[in-house]
Amino acid sequence: MNALRDAGIEMIPYLIAFVVGYLMPWRKEWFERFAVGSVAALSVAFVLGLWPDKAVEVAETRPEEWGHLLNLIVFLPLIAAIAVVFLPRQSPKLLKQFTMVVLGVDFLASLALLGVPMSEGWHFQYVTEWVPSLGIRYHVAIDGISVWLVLLSTLSTPIALHVSFGSIKKRTKELCFAFLMLHGAMMGAFVSLDLFLFFVFWELMLVPMILIIGIWGGVEKIKASYKFFLYTMAGSMMMLAAILYMAWVFHSIEGYWTFDYLALKRLVLPEDAAFWCFAGFALAFLIKVPMFPFHTWLPDAHVQAPTGGSIILAAVLLKLGTYGYIRFCMGMFEGPAWEASATLAGVAVAGGIFYGALCAWKQSDIKRLVAYSSVAHLGFVMLGLFSGTHAGVSGAIVQMINHGISTGALFLLVGVIYDRRHTRQIADFGGLAKVMPVYTALFVLVTMASVGVPGTNGFVGEFMVIMGTMVSDSLGRHATPAAVGASFGVILAALYMLSMVQRVFFGPLNNPKNEKLTDINSRELVAVAPLVALIFVFGLFPNILLSRMNDSVGATVRHLAEGRIAYEAHAGATTAKLRPKRGGPWEAGHPSPPQVADVAVALNAGADK
Amino acid sequence: MIDLFIALSPLLTVGFGGLLLMLAEALGKPANNTGMSPDGAVVVDAGAGRSEELGLLATVILFSGAASSMGVWLADPATLGVELVSPWLQVDRYSLFFSFILCISGGLCTLLGGGYLEEHKIDRGEFFTLVVFSTVGAIALGFAGDLLTVFVALETMSLGVYCMIGLRRSSPRAGEAALKYFLLGSFAAAIMMFGAALLYAATGHTDLAGIGAFVGGLGGEASGETAMVIVGMLLMLIGMAFKISAVPFHMWAPDAYEGAPTPTTSFMAAAVKTAAFAVLLRILLIAFGDPRLMSWGAGWPPVMACLSVLSMTIANVIAGRQSSVKRMLAYSSISHAGYLLMGVCAAMRLPEEASASVMFYLAGYCISTIGAFGALILCGSRGKEAVSYADLAGIGRRHPAAAAAFALFVISLAGMPPTAGFFGKLYVFRATIDAELYSLAIIGLLNSIVGAYYYMKVLVFMYMREPIPGAPIAIPMRSSMVVSALIIAAALVVAIGVLPGALLEMAAVAAAALS
Amino acid sequence: MLPGSVVEHYLALSGAIFTLGAMGFLMRRNVLIQLMSIELMLNAVNLLLVSYNRVHAGNMTGQVFAFFVIAVAAAEAAVGLAIVLSYFRIRGTVQSDEADSLRH
Amino acid sequence: MTPGSALFIVSAVLCLAGAVTTVVSRSPVRAAMGLLGTILGIALLFLKLRAEFLSAIQLIVYAGAVVVLFVFVIMLLGTDAGSEPESEARSKIAPPLAGGMFLAFATALFGLLGGAIKTPTAFTVPSPDHGTIEAVGTEMFQNTLVPFELTTALLIVAVVGAIAVGRGRQGQKPNQRVIKNPQDFYVGPVMERDNVSQPEPKESV
């Protein structure tokens with residue numbers, strides 16, 4: 001009887017899969033449904049059968065945290081994306097509701113992440129074997145930095161999709177699929193602590209994003225999506241080479257394969273190798289940010305993408321570059337990151353903040369202007385990261401969140417008038433304040449946040465970045481010029497944003513086409529309201545952000561300094577060495593050598609017997 | 001003795017299955033599909049009009065070949081008295097891995113053929129016999145441990161493929177493709193045979209292990225034997241390079257791929273290439289596995305590295321400029337040969353890891369490329385094949401399922417997650433980096449960016465462009481056989497891409513059996 | 001050394017036939033002659049195998065190999081001629097450089 | 001000059017002359033005769049090398065079957081098939097270039113070989129039954145049985161394939177349909193923009 005009950009319990013996943021498959025509203029005949037159900041059950045059997053059964057014990061589990069929460073957040077959208085494939089394309093309403101419900105659940109689940117204080121160490125950690133023979137593990141966790149980015153994404157995606165449903169009427173199925181896939185991949189990239197897993201999610205974001213740009217984009221959509229794709233691909237290939245090289249060095253020292261961040265972080269590479277690996281990672285992230293010489297894909301992508309795509313791109317996707325820089329470049333290549341920071345800071349100020357601002361000033365297309373303002377804002381973020389100080393890095397992270405909120409809101413608002421007038425040229429507008437008062441108010445508010453007026457969120461981040469830059473060790477004598485340059489950048493930002501607002505909303509209403517414009521409708525208001533609220537919440541109470549990220553930022557800055565010292569002590573060496581384990585909460589979940597070093601050898605030994 | 005038959009069961013199953021297929025073809029209902037030859041005589045094709053049932057039978061035969069490979073793998077071939085057929089046929093886990101892949105590939109191709117031949121009015125039963133016997137040759141090539149078996153097997157496989165290309169007798173393009181492939185293929189075989197004869201002349205052995213032992217026993221100074229071994233090796237490698245269509249010996253490939261019926265193309269791109277790599281790795285590692293021949297100085301690695309770099313770069317550049325998708329896929333398969341050769345190069349320092357990576361890559365590549373050609377088949381119908389990019393425009397809406405499948409396989413070929421191609425590429429690059437061939441790995445990575453461009457072009461045309469109104473477009477066909485082939489291939493691509501562990505371990509074990 | 005008394009003479013002869021065959025294959029555009037050139041190359045292979053079997057005279061491997069090469073060559077010729085025939089029916093020519101419709 | 005050397009010289013000249021004839025002659029028939037000459041020369045050399053059985057096989061299979069097959073095909077195509085002057089070749093440069101490259105390649109290879117071979121290798125004295133039918137048969141059916149069995153697959157493929165390819169032309173032409181309105185074949189909701197010409201989405205095919 002017991003055996004029967006156990007068998008019954010084991011059958012549950014298959015039964016669930018079968019029932020779900022059977023109920024898919026895809027085909028009418030029962031045998032077709034039956035076939036789909038069977039296929040679903042079979043695939044569950046397949047996955048369960050192939051999954052390596054050697055689960056790894058996490059070093060320290062926190063009792064108050066539910067280990068599967070991150071899995072839920074990451075895989076709910078991905079599984080939903082697969083489910084969307086089987087939903088009928090004839091009923092867009094069902095598709096929309098399904099997608100929104102999934103994203104809503106994802107958002108609520110991510111709110112639970114705020115339930116625990118972000119103390120030292122990783123939270124909600126979950127580790128299991130994925131591909132044991134290559135040393136690849138499924139290792140996810142968050143800290144005070146990534147938790148905000150996860151929340152930013154779970155908030156932005158539903159908003160972006162809500163906006164998209166308003167303006168996009170065709171090919172809803174593909175839209176839902178792309179957004180869910182993109183969302184899941186972004187979540188995965190933010191929480192992965194295995195470099196390989198990170199790379200998988202990083203690459204997984206590409207295809208949905210090019211679909212979003214390429215299917216629902218503007219006139220030049222195909223060129224823009226090619227550009228986006230090739231730039232990102234170029235960066236990620238170099239990153240892949242660096243990842244593989246580091247895994248190999250670790251293997252040759254320790255004798256087992258791993259791609260784990262915590263393990264590879266311990267590597268102290270010789271100068272050349274460290275530089276090239278840093279360059280590989282930095283290239284991937286700086287392209288994604290994008291920083292000055294690599295920024296040319298961004299205006300095209302933003303201008304051509306549909307409003308929803310622009311929001312996701314600005315709010316979340318670009319943050320992957322900055323997040324990757326903090327986590328991986330500063331986390332694993334402390335020495336080269338430190339050495340390169342003065343140069344890169346110069347580029348960030350001159351090429352990002354100044355050049356971006358000047359380009360923005362010259363634009364006649366509002367969306368393009370906002371896109372270039374993104375380049376300038378991200379210059380601030382990068383400057384804060386390069387400073388390597390507690391204030392600078394915190395400011396950069398705050399600025400990342402703020403940029404996500406305010407630029408996302410700006411793109412949303414630009415989308416609103418684009419839907420009405422199908423143009424984004426500044427010259428076509430003027431005096432909109434008279435016909436669209438609510439819209440104008442919102443736009444001015446968001447512009448204020450973007451410019452960094454005190455009281456809005458933008459001010460906190462920029463202020464902290466400039467303060468942090470001023471006292472930075474890593475920038476040395478370049479610290480003060482960089483800080484001063486950045487301050488000028490703030491002024492420039494005010495100039496170009498306010499002049500745009502002035503030309504679009506104030507002055508005479510001289511274009512007759514603008515006289516009939518309707519004000520912002522409820523759907524758009526619902527979308528933009530949370531962002532506007534957050535502008536004030538974070539502007540007035542920045543401590544909500546700062547208190548949670550404090551420990552993580554402290555650890556990042558501390559590890560950066562320590563790692564630099566280890567790197568300099570290792571200078572001149574030709575071989576890599578492994579820093580001893582630091583211990584403590586930041587190395588919980590570090591991989592341990594497998595029982596037998598090489599799986600192939602183990603299997604062979606078995607075969608010989 | 002019965003053990004031996006069990007050990008050889010993959011080969012025997014497929015071989016006798018082929019005979020059964022011929023019987024079924026000959027004894028079945030007389031053809032309902034007659035045509036007139038130019039001189040007025042009525043031409044009756046055996047097995048005409050029955051391509052679905054014959055295709056299904058062939059698929060069953062080939063899949064049971066795959067099943068028996070798995071069975072022998074599990075039963076541990078070393079215990080099955082295989083020394084009786086050694087060294088002619090080396091029944092080890094290495095060859096079983098390949099016979100498994102080859103049977104799966106062949107089975108998918110016959111499934112595609114079942115739908116395609118009927119739709120395009122070339123439904124002739126010979127196709128399936130040829131596929132099955134070519135697969136016999138391919139499996140035997142994977143098993144071969146002696147130059148003699150290598151040749152017989154290679155020719156069995158190639159002759160079948162030549163005829164499969166020329167099967168569509170009314171099409172000048174198919175005739176041309178068959179002619180070109182035949183001429184260059186036989187030329188390559190002749191060059192390879194001369195190389196083999198030189199190896200025999202120098203060593204007195206035709207079995208690979210014997211050659212390897214003789215080479216190991218050669219003294220350090222330059223002697224006639226050394227020179228003959230090196231020249232023989234070079235000629236063998238040139239012949240092999242033709243078979244795997246590596247640049248600059250690739251001239252035949254795009255034409256042959258384009259002119260052939262698409263199921264044949266997929267067979268050529270998948271099974272022929274896989275079998276050629278199987279024997280290439282075995283020859284390089286067993287016969288030329290001597291450290292002196294595995295060096296940058298006088299051995300095969302520099303040759304392989306040159307071929308690899310040329311194949312990747314040139315094929316990728318040309319592929320980006322094609323207007324025909326089928327031709328693009330042909331060039332893409334050449335560039336994949338380049339990536340694979342990179343893994344072969346890495347075998348100079350890390351024989352096991354590198355050959356495991358090549359084997360894993362081949363498994364993923366075979367399934368993805370067959371799937372891509374299958375999706376291309378599904379996009380056309382009734383004599384109008386979808387070949388150009390323009391034919392694919394708007395397929396994302398005309399036939400969403402075909403487009404989704406095509407997208408998946410193209411993503412796999414481009415090496416992006418979550419697909420089999422991604423892990424294959426990763427594994428090959430890892431082997432290359434581990435073997436300290438950094439510049440080769442960087443060239444490979446740069447090439448995969450170029451490659452990504454033309455793979456993305458397929459996505460762009462399927463999802464982002466619309467057909468020009470009024471232009472003749474290919475209507476997607478309906479065929480349960482093609483669809484089932486695609487479902488199987490897609491399931492495998494995703495399964496390997498998400499949970500590659502089992503196959504990786506198989507490849508590692510198989511590679512360990514090689515040395 | 002009298003001609004034919006050492007095996008290198010056979011190697012040279014076989015190499016010459018092989019080279020002639022390969023050049024014939026590469027330089028001629030008549031498919032039939034290209035096929036014949038391939039047969040020449042295979043004959044060179046046979047000569048090499050059989051002559052070196054007198055050096056490694058312990059077994060008959062070389063001769064048996066040559067036997068298989070003959071079998072393979074015959075099969076190849078049959079298939080090749082069938083393909084040429086089919087091609088001639090369609091195009092009315094056996095010039096291989098007129099086989100270029102695939103590039104356009 | 002021993003009779004053996006004389007035989008070698010005669011056969012070598014026959015082989016080379018035949019090969020050159022094959023390669024240069026305009027007429028396929030003459031080329032086939034050249035091939036026949038080479039085959040005969042090699043059969044003679046086989047005799048001298050104590051390969052009586054192979055010599056017979058060479059004559060039977062090559063001279064008796066392959067060359068006859070060639071001649072047969074040439075007759076089938078018309079004796080002048082392909083014998084027209086090759087001046088209309090599309091590319092005048094490529095063939096000589098390829099041939100020249102191969103010649104250089106072969107010269108380099110054989111030069112390397114010739115340079116490396118310091119001392120000539122004499123023939124060993126073979127066992128008395130070297131090359132007889134019995135010896136070859138024993139070798140073939142005892143040791144090389146496996147490849148021999150594999151040859152069955154080769155021959156089946158060759159027979160089936162040659163028949164499949166070489167038989168008469170197929171009768172039917174592919175039936176092609178030209179579709180005027182691509183929207184007919186779309187699945188799913190058709191949007192306003194697509195709807196201009198066609199009010200209802202239809203099933204495809």
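Lettering follows sequence order; numbering is per chain, from 1.
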Task: Proximity breakdown for C:Val50 and chain D, heavy-atom pairs closer than 4.5 Å - done: both

Task: C:Ser51, part contacting chain D, at a heavy-atom distance under 4.5 Å - done: both

Open item on the list: Counting neighbours of CZ on D:Phe72 that are heavy atoms of other residues, nucleotides or ligands and sit closer than 6.0 Å, is the number greater than 12?
Closed with: no

Task: Heavy atoms of other groups near D:Leu145 CG, more than 12 under 6.0 Å - done: yes

Taking all atoms of both residues into account, what is the closest heavy-atom pair of [X] and [Y], and its distance?
X	Y	result
D:Val66	C:Ala74	CG2-CA, 4.0 Å
C:Ile17	D:Cys15	CD1-CB, 3.8 Å
C:Thr19	D:Ala106	CG2-CB, 3.6 Å
C:Arg28	D:Thr22	NH1-O, 4.2 Å
D:His130	C:Asn53	CE1-O, 3.8 Å
C:Val55	D:Thr124	O-OG1, 3.5 Å

Looking at [options], which has the largest count of heavy-atom pairs under 4.5 Å with chain C?
options	result
D:Leu7, D:Leu154, D:Val23, D:Leu16	D:Val23
D:Pro147, D:Gly100, D:Ala122	D:Pro147
D:Leu103, D:Ile9, D:Thr151	D:Leu103
D:Ala65, D:Ala162, D:Ser127	D:Ala162
D:Ala158, D:Gly99, D:Ser5	D:Ser5

Heavy-atom pairs under 4.5 Å with chain D are the metric here; pick the option from [options] that has the most.
options	result
C:Leu85, C:Val6, C:Asn43	C:Asn43
C:Leu35, C:Leu81, C:Val79	C:Leu81
C:Val72, C:Val84, C:Leu20	C:Leu20
C:Glu76, C:Gln34, C:Met23, C:Met36	C:Met36

Task: Test of ring centre spacing under 6.0 Å for C:Phe18 and D:Phe110 - done: no

Task: chain C neighbours within residues 44-56 of chain D, where any heavy atom lies under 4.5 Å away - done: D:Leu45, D:Phe46, D:Lys48, D:Leu49, D:Arg50, D:Ala51, D:Phe53, D:Leu54

TODO: Can you label the angle between the C:Tyr10 ring and the D:Phe8 ring as parallel, tilted or perpendicular, going by 30° and 60°?
DONE: perpendicular

TODO: Measure the OG1-CG distance between D:Thr138 and C:Asn59 for me, rounded to the nearest 0.5 Å.
DONE: 12.5 Å

Task: From CD (C:Glu8) to CG (D:Leu113), nearest 0.5 Å - done: 9.5 Å

Task: side-chain contact (heavy atoms from CB on, under 4.5 Å) between C:Thr61 and D:Glu139, intermediate numbers included - done: CA-CA 8 Å; C:Thr61 315; D:Glu139 173 85 12; 4.1 Å; yes

Task: Residue pair D:Ile117 / C:Leu11, side-chain heavy-atom distance below 4.5 Å - done: yes

Open item on the list: Do C:Glu39 and D:Tyr62 have side chains that approach each other closer than 4.5 Å (heavy atoms only, starting at C-beta)?
Closed with: yes

At a heavy-atom separation under 4.5 Å, does [X] approach chain C through its side chain, its backbone, both, or neither?
X	result
D:Ala32	both
D:Thr121	both
D:Leu109	neither
D:Val20	both

- [ ] Give the intermediate values and the outcome of side-chain contact (heavy atoms from CB on, under 4.5 Å) for residues C:Leu32 and D:Leu77.
- [x] CA-CA 11 Å; C:Leu32 288 168; D:Leu77 303 185; 4.1 Å; yes

Task: Worked check of side-chain contact (heavy atoms from CB on, under 4.5 Å) between D:Thr144 and C:Phe68 - done: CA-CA 10 Å; D:Thr144 55; C:Phe68 280 102; 4.2 Å; yes

- [ ] Enumerate the residue pairs fulfilling ring-ring contact (aromatic ring centres under 6.0 Å, His included) with a member in residues 143-162 of chain D, sequence neighbours excluded, ordered by first and then second residue.
- [x] D:Phe141-D:Phe148

